[in-house]
Structure formats: C-alpha cells, structure tokens
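See below for the structure under consideration.
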Amino acid sequence: MSHKIDQLLNQQLNLLKNEGRYRFFADLQRIPGQFPKALYRPNDGQKPYQVTVWCSNDYLGMGQHPKVIQAMHTAIDQFGAGAGGTRNISGTHHLMVQLEHELASLHNKESALVFSSGYVSNEASLAALAKATEDSAVFSDRLNHASMIAGIRNSRAEKFIFNHNDSVHLKDLLGKINHNRLKIIAIESVYSMEGDIAPLAEFCQIARENDALLYVDEVHAVGLYGKQGGGISERDLLTDSCTVIQGTLAKAFGLMGGYIAGSKVLVDYVRSFAAGFIFTTALPPVIAAGALASIQHVRQDQSLREQHQLKVRFLKNSLKAAGIPMLPSQSHIVPVLVGDAVQCLALSRLLLQNHAIYVQPINYPTVPKGSERLRLTPSPFHQENDINFLVEALKGEWKKLGLKGAE
Ligand SMILES: *Cc1c(COP(=O)(O)O)cnc(C)c1O
C-alpha cells in the first residue's frame, strides 16, 4: 500500500531526474581473473554483455587476487561466516587482532583500530576525538569527504572550514582562536574527486606549530603510495607528524572495512568512546583474513605500484594528446571534465552502449555543479590497447555530443 508520503518523495526524486542527477545502478558482475572486465546486464532487458570497467576503486585488482581468495576460503572453512557479535561482546577474533597489528605496522604507529567501513571510521573517530573537550575546534578542508563532515557535525564542536589545500588560510583561522583549545585539523591526502594531493609537509608543520592534532584521511593513498603502500605520509616521510592516519580496506586493498592508526592512548580512547565502533557487529573473520593477505601482499609488491603509475601516466598523456580536458590531477585519479550533468550522463551511456566501456558519471552533490566529470581510475591491469580504445571512444562521443575540447 502506498502511503501519502510516497507522493512527496516522488516529487523529490523527480527533481533529481530533471536535473540529470538521479543515480542509476549498473548491474555489474565482475569476472575474477579477468580484471577489469565485468558482465553488464542492461536494465532494459537486452542481452548481458562484457564491459571494461574504468571507474573501480579496487585500484590494484586485489579483490580478485588468488592469495586473497585463498585466505578467505580457508578462513570461512575454519571460522564460519559471521563475527558473532560486537568487538566488545564476542567479535574480537584473533584474525582481527592480527589485522590491527599489520595496519599499525604499515603506518609505523603504536596501534590501529578496524571499523565496519571507511565511512564509519571517519564519522566515529572524528565525532569522538572532537568531543574529547568541551571547547574543541575542528579545522576542516572545504573538499573533505562526507564521512568526515558527518563526524565533525555529530561532535557539535566548533568548525572552521579552510579553502581546499590552502595552508595560508588554515594558518589564519588557527591564529584567531584561543591557543589553549584542543585543535583538530582534518584533511585528506589524495582527494578522491579532484585527484590532487595535499601539501602534507606544510600541514604537518602548521599542526606542530599550533599544537594541533592532524587527522589524515589516506583512503585513496593507502596501498598505492610510499615504499610499502603506507600512503602519502609514508611517501613524504611524514608518518610521525600525522597524529591519526585513517584508511580503508575497500579500495586498494580490495575488501571492505575502515581503520585508524595512531598512538596507543588515542586508539584506546576511540575504542572506548566512539559509538560507531562500539555499538555494531564486528567485521567477519573472513574479511579480516582477506584484508590481512591483501595488505601483506601489497606491502611487499612494489611492482604493482610501479605498474599502476605507468598506466596512469600513459592514460593522462593519451587524453592530453586527444585534447580531452582533464582536471590537473597529481595522482592515479584521472577526472575528465564534462561540466554539465545531462551531458555527463549522456557521455557515460554512449560509452557503455557503443563501446562496452563502463565509467560512472560523477555529478552534484558529489562534485560542484558545472564540474560534472567522468572519473577514470586506470589499474595495473588495464593494457595499453585498452587505454587507446578508451581514448578513441571518448574522442568520438565527445565530438558527437558537441562538447568543448577535443579537436
Ligand atoms: C570512499 C571514501 C571513504 C569511505 O570509505 P569506505 O570504506 O568506502 O566506507 C572515506 N573517505 C574518502 C575520502 C573516500 O573516498
């Protein structure tokens, strides 16, 4: 039975549809061993067909790595399906203890704590940390992820927003408040929609000078940067200056779950006070087993990171040569700028229908209106001919739609 509220909700949904912002899920079945291929089932009843995925966050294909799959098979046979409770009640499996040791070691920190997701780890940790004193002040980059914004908001602490990656603006804002207050600076290292990288050394120095806690979301950097995949903090030798390093097991590590790494006391505090950690069931041992195998592999396989960067460079150069406008990314994230929601959706559909290329349009509110884009994420397993094929297809459809840029 439909309730009267359905009509109201439908109006809201129609708003999204008219603006080209309504989100369609693509029914994609990834094909293990053939990364980045997947079977796509069109929702209009047409026959399923194989596509190349160009927007996966499983950046290194670890979600299909034989070592990961093997570790998970073994774990499910040995330990069963679920965790059996919250961490406090009966969900602290030995594999979880090992996983947290591995993460602390990856980031050269005393301790680490695993959460159900990266989103939850940000929300829960920032909310708890900013509540540590009555008059905490949080300084947050304008482009921070929704999960950080939610945590800061839920803490009810006073919030100061500084312009994206603008250390001068941050310094300014810090100078305006009482020095004795607890100050938390919250940033990302690699920004997921722009692909740019924070001036981490500057932020570390500012944090030190102002006696502030530096909280760094390295979700899009862990596994990918630094000698062992410890992220930008490891690459730039700044691990010690980052008070908290937050990451996910769901992107380069290919599984799911989030975490923080920091000092023993800080992690113990979050463990003891963060609602989003305490009141929810632990991740199942099978996930911990897969994540552990994945991290151990990624840490020692430097060639995976090298191959990744090679493909990124090849794609960027090819797009540039084709005259396709990109945002100035410094990372593995390659945002192609379309600048209009309806056109962005149309381009994505044409690539899928005419070329079996899957890349999801990124629209408002994920990015500002007028900066709608396709966010390409090449992996070590995209071959040069896949890249050439993508660039040719993009060039053709770009022209057909009359978009600005490509010659
Ligand atoms: C994806 C993402 C998260 C959330 O991580 P999940 O593990 O997917 O919940 C947090 N921060 C940033 C910057 C992200 O892009």
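Every heavy atom of this structure was used, including side-chain atoms; hydrogens, water molecules and symmetry mates were not. Atoms within a ligand are numbered from 1 in the order they appear, just like the ligands themselves.
Between Y22 and F24, the distance from one ring center to the other falls under 6.0 angstrom. Aromatic ring centroids of H107 and Y259 lie under 6.0 Å apart. Ring pair H145/Y191: centre-to-centre distance not below 6.0 Å. The aromatic ring centroids of F162 and F203 lie less than 6.0 Å from each other.
Atoms of ligand 1 found under 4.0 Å from any heavy atom of S117, numbered from 1 in the order shown, are 7 (O), 9 (O). Applying the 4.0 Å criterion to heavy atoms of S192 picks out, from ligand 1, the atoms 15 (O). The G118 neighbourhood of ligand 1 comprises atoms 4 (C), 5 (O), 6 (P), 7 (O), 9 (O), with distances under 4.0 Å to a heavy atom of that residue. Which parts of ligand 1 touch S147 is read off a 4.0 Å heavy-atom cut-off, strictly below it: atoms 10 (C). If you number the atoms of ligand 1 from 1 as listed, the ones under 4.0 Å from a heavy atom of E188 come out as 13 (C).
Looking only at heavy atoms of the protein, atom 9 (O) of ligand 1 is closest to Y119 N, 2.8 Å. For atom 15 (O) of ligand 1, the closest non-hydrogen atom on the protein side is H220 NE2, 2.5 Å. When hydrogens are left out, the protein atom nearest atom 11 (N) of ligand 1 is D217 OD2, 2.7 Å; that is the closest non-hydrogen contact.
Nearest-heavy-atom check against atom 3 (C) of ligand 1 across E123, M148, H145 picks out H145. Comparing K251, E218, M256, M193 against atom 14 (C) of ligand 1, the shortest heavy-atom distance belongs to K251.
Under a 4.0 Å N-O distance rule, the pair E372/R21 does not qualify as a salt bridge. Using a cutoff of 4.0 Å between basic side-chain nitrogens and carboxylate oxygens, E19 and K369 are scored as salt-bridged.
Residue N122 touches ligand 1 through its side chain alone, judged by heavy-atom distances below 4.0 Å.
Looking at S189 and E218, their side chains do bring a donor and an acceptor atom within 3.5 Å of each other. Using modelled atom types and a 3.5 Å distance limit, the side chains of D58 and S56 yield no donor-acceptor pair.
Close N/O approach between T248 and ligand 1 is found [any backbone or side-chain N/O within under 3.5 Å].
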